[in-house]
Structures are given as structure tokens and as C-alpha cells.
Number of protein chains: 2
Amino acid sequence: MRTGSCCTSLQSAPLGEDRATELAAVFKALGDPVRLRLLSMIAAAEAGVGVCVCELTPAFDLSQPTISHHLKLLRQAGLVDSERRGTWVYYWLVPETTDKLTALLSRPASEWARQHEEVASS
Amino acid sequence: MRTGSCCTSLQSAPLGEDRATELAAVFKALGDPVRLRLLSMIAAAEAGVGVCVCELTPAFDLSQPTISHHLKLLRQAGLVDSERRGTWVYYWLVPETTDKLTALLSRPASEWARQHEEVASS
DNA sequence: TGTCAATATAGAGGTATGTCGAAACAGGAG
DNA sequence: CTCCTGTTTCGACATACCTCTATATTGACA
């Protein structure tokens with residue numbers, strides 16, 4: 001059984017400096033409760049439709065510029081993208097980015113099974 | 001086809017404040033290139049064996065206390081655990097924690113397929 | 001017991017981050 | 001054209017974070 005795709009999965013590689021920096025930037029964007037909630041609200045929308053900022057802002061006890069700032073960080077991290085439609089701005093998920101993280105964090109099935117053996121026998 | 005486990009997946013929930021805070025803390029721990037590399041080195045070891053700190057420290061151009069500090073943060077985030085064996089301290093991965101993140105970031109297969117349709121048709 | 005090697009903790013300094021209010025920008029409506 | 005609403009940008013402040021040096025702790029060994 002293969003261990004996964006070409007260039008990912010945590011334990012298959014020592015994870016070079018450059019790639020680590022790149023991935024850490026994305027994780028850093030997720031490392032804030034407000035941004036995580038924003039992302040979940042955006043991800044919960046129909047794919048490709050997008051969520052209006054005017055729906056996101058009132059869900060928090062934060063000023064509107066603060067929400068805008070967090071959305072900007074999510075966009076810079078490549079986790080979401082946005083577009084202006086008339087008066088409002090809509091945000092939607094970029095699943096390719098979350099997929100990269102999933103690929104990194106997921107263990108190959110063989111490793112996963114082995115780990116469960118180890119845990120069970122301890 | 002089921003959509004996954006009981007309480008996770010980004011788009012299925014608005015992701016309550018408490019859970020967001022909890023998960024954000026783990027992502028924050030991953031939001032540093034040094035810690036990501038440390039985690040990958042630890043994860044690359046045989047499951048249950050653990051990696052000696054004495055192997056991790058020389059891989060970086062950082063002082064020994066700095067590496068120790070990062071390892072502490074990884075441990076506090078629940079990503080790794082450690083144990084002293086004689087003179088040395090060994091760290092190993094806690095796969096349950098990375099699994100939680102994977103579950104959060106992974107979309108249910110049905111959503112995933114729908115997203116690919118959307119992308120393909122745009 | 002005393003010494004040495006491996007890690008961890010404490011404290012400090014510089015930088016980044018989260019938040020705000022004020023102001024700028026963009027579109028729609030009168 | 002002018003006003004109004006939704007959104008972003010700017011400047012500032014408090015706090016958190018990364019890194020260091022110095023020191024403490026832990027265990028092995030003579």
C-alpha cells in the first residue's frame with residue numbers, strides 16, 4: 001500500500017524549511033477563534049455561492065473593521081476568496097487550501113492501523 | 001453515505017465559541033514553522049517509540065531553550081506527549097489530536113463531489 | 001556525595017497580533 | 001451631483017509571542 005501523495009503527510013517527510021513556513025502561515029490564520037468561526041460560517045454556505053460580510057459581522061461582538069481585518073487574513077492565507085457583488089462583498093471557501101492541510105495531517109492508512117495496534121497493546 | 005463523525009466538519013456547524021477557541025489553540029500551535037518541522041520530525045518516528053530531544057535540537061539554528069519552549073507548546077496543545085527515559089526525554093505524536101483537525105477540515109464526500117462539479121462547470 | 005550532561009524554567013527585549021475609532025473608498029438611490 | 005450604506009484602510013495601543021542568556025532541575029556515574 002502506498003503511503004499517500006507525492007509531497008505531503010506529516011511523517012513521511014522532514015518537512016523542509018520553506019514548505020514549513022508556507023504551511024505554518026495557513027495554520028496561523030486558523031489559530032484564532034474568530035477566524036475559525038468565520039471560516040466555518042463561510043464553509044457552511046453552498047459551494048460557490050458565498051456569504052455576505054453583512055451576515056458575518058453581526059455574529060460577533062466585535063467592530064466591523066475587526067471582522068474585515070480577520071477576513072483579510074483568511075484571504076491572504078488562501079483559505080477564502082471574495083468578490084464584490086453590488087453593494088455587498090461575498091466570501092467563499094477555497095477547498096484546495098484546506099485539502100492541503102488535510103493531506104498533511106492525515107496519516108497513510110497503514111500507519112494509522114499500526115498506531116492503533118500500538119495503542120491497544122499498551 | 002454518512003457525512004462523517006458526530007461533531008465535526010467545518011461546514012456542517014456554525015462552530016460554537018468554545019469549540020472554536022479550543023481548536024484555534026491547536027492550530028495556533030501549528031502556526032509556526034519551527035513547531036511544524038518539530039512535529040513532522042516527531043511524527044516521522046515509529047509510532048510509540050518517540051524521538052529524543054537530542055535529535056531534534058541540532059536540526060535548528062536555535063538555542064536549546066527555544067526548542068524546549070516550542071516542544072512545550074506542542075505538548076500543551078495536545079499534539080505530542082513526552083516521557084523521560086534515563087538521561088533523555090522522548091516525544092511522540094498524539095494522533096487523536098491531529099485526527100480532530102483532519103475531521104474538521106475534511107469535507108464530507110458528498111460535499112467534496114459537489115464542489116468539484118461546481119469548479120468544473122465554472 | 002559530587003560532578004557532568006541533558007532538559008526545563010525564568011526573565012527580558014524586540015516584534016507581531018488583535019482590537020478599536022476615525023477616515024477613505026465604492027456603489028446605489030434620489 | 002450628492003447623500004447614504006456597506007466595506008476596507010489607517011494609526012494607535014495593549015497584549016501576546018519568539019528568541020535569547022542565565023539559572024534550575026533531573027538523572028547517570030564515579
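In what follows, chains carry the letters A, B, and so on, assigned in the order in which the sequence lines appear, proteins first and then strands, with residues in each chain numbered from 1. If you're wondering where the values come from, they're calculated on a predicted model, not measured in any experiment.
Taking atom CG of residue A/Leu62 and atom C1' of nucleotide C/dT17, one finds them 14 Å apart after rounding to whole Å. The CZ-C1' distance, from A/Arg35 to C/dT19, rounds to 12 Å in whole Å. Rounded to whole angstrom, the span from the CG atom of A/Leu30 across to the P atom of C/dT17 amounts to 14 Å. A/Trp88 has its CH2 atom 17 Å from the C1' atom of D/dT8, to the nearest Å. Summarising the geometry, the separation between CG on A/Leu38 and P on D/dT8 is reported as 11 Å, rounded to the nearest angstrom. Atom CZ of B/Phe60 is separated from atom P of D/dT19 by 10 Å (rounded to the nearest Å). Here D/dC18 presents its C1' atom at 15 Å from CG of B/Asp61, a figure rounded to the nearest Å. Separating the CZ atom of A/Arg37 from the P atom of C/dG18 is a distance of 15 Å, rounded to the nearest angstrom.
Of the candidate nucleotides D/dC18, D/dG6, C/dT7, D/dG6 has the atom nearest to the side chain of A/Thr87. When the nucleotides D/dT8, D/dT21, C/dA8 are ranked by their closest atom to the side chain of B/Ser63, D/dT21 comes out on top. Side-chain proximity of B/Pro65 to C/dG18, C/dA10, D/dT19: nearest is C/dA10. Residue B/Arg84 places its side chain closer to D/dT26 than to any other of C/dT7, C/dC20, D/dT26. Of the candidate nucleotides D/dC18, D/dG27, C/dG18, C/dG18 has the atom nearest to the side chain of A/His69.
Between A/Lys28 and A/Arg85, the one whose closest nucleotide on DNA chain C sits nearer the 5' end is A/Lys28.
Using a 4.0 Å heavy-atom cutoff across all strands shown, B/Tyr91 reaches sugar-phosphate atoms only and no base atom. B/Ile67 comes within contact range of no nucleotide atom at all, as no heavy-atom separation falls under 4.0 Å.
Close to D/dT7, at under 4.0 Å from its OP1 or OP2, lies no side-chain N or O of A/Ser68. Note on A/Tyr90: every side-chain N or O is 4.0 Å or more away from OP1 and OP2 of D/dG6.
Only A/His70, A/Leu73, listed by number, bring a heavy atom of residues 70-81 of chain A to less than 4.0 angstrom from any atom of DNA chain C.
With hydrogens and angles disregarded, a donor-acceptor distance shorter than 3.5 Å links the side chain of A/Ser40 to the backbone of A/Arg37. Within the 3.5 Å criterion, the main-chain N or O of B/Gln64 finds no donor-acceptor partner in the side chain of B/Ser68.
With A/Leu38 as the fixed residue, the side-chain contact (heavy atoms from CB on, under 4.5 Å) test singles out one of A/Ile67, A/Val51, A/Leu79: A/Ile67. No option in B/Val89, B/Thr57, B/Ile42, B/Leu39 other than B/Ile42 meets the side-chain contact (heavy atoms from CB on, under 4.5 Å) test with B/Leu71.
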Problem - Derivation of the salt bridge (charged side-chain N to carboxylate O under 4.0 Å, His left out) call for A/Glu83 and A/Arg85 - result: CA-CA 6 Å; A/Glu83 178 189 46; A/Arg85 295 208 276 268; 2.7 Å; yes
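Within the 4.5 Å cutoff, the side chain of B/Leu73 has heavy atoms near those of the B/Arg35 side chain.
Scanning both residues, B/Gly78 and B/Val94, for their nearest heavy atoms gives O-CB, 3.4 Å.
In terms of polar N and O atoms assigned as donor or acceptor, the side chain of B/Gln64 never comes within less than 3.5 Å of the base of C/dA6 in a complementary pairing.
Other residues, nucleotides and ligands place more than 12 heavy atoms under 6.0 Å from the CD atom of A/Gln76.
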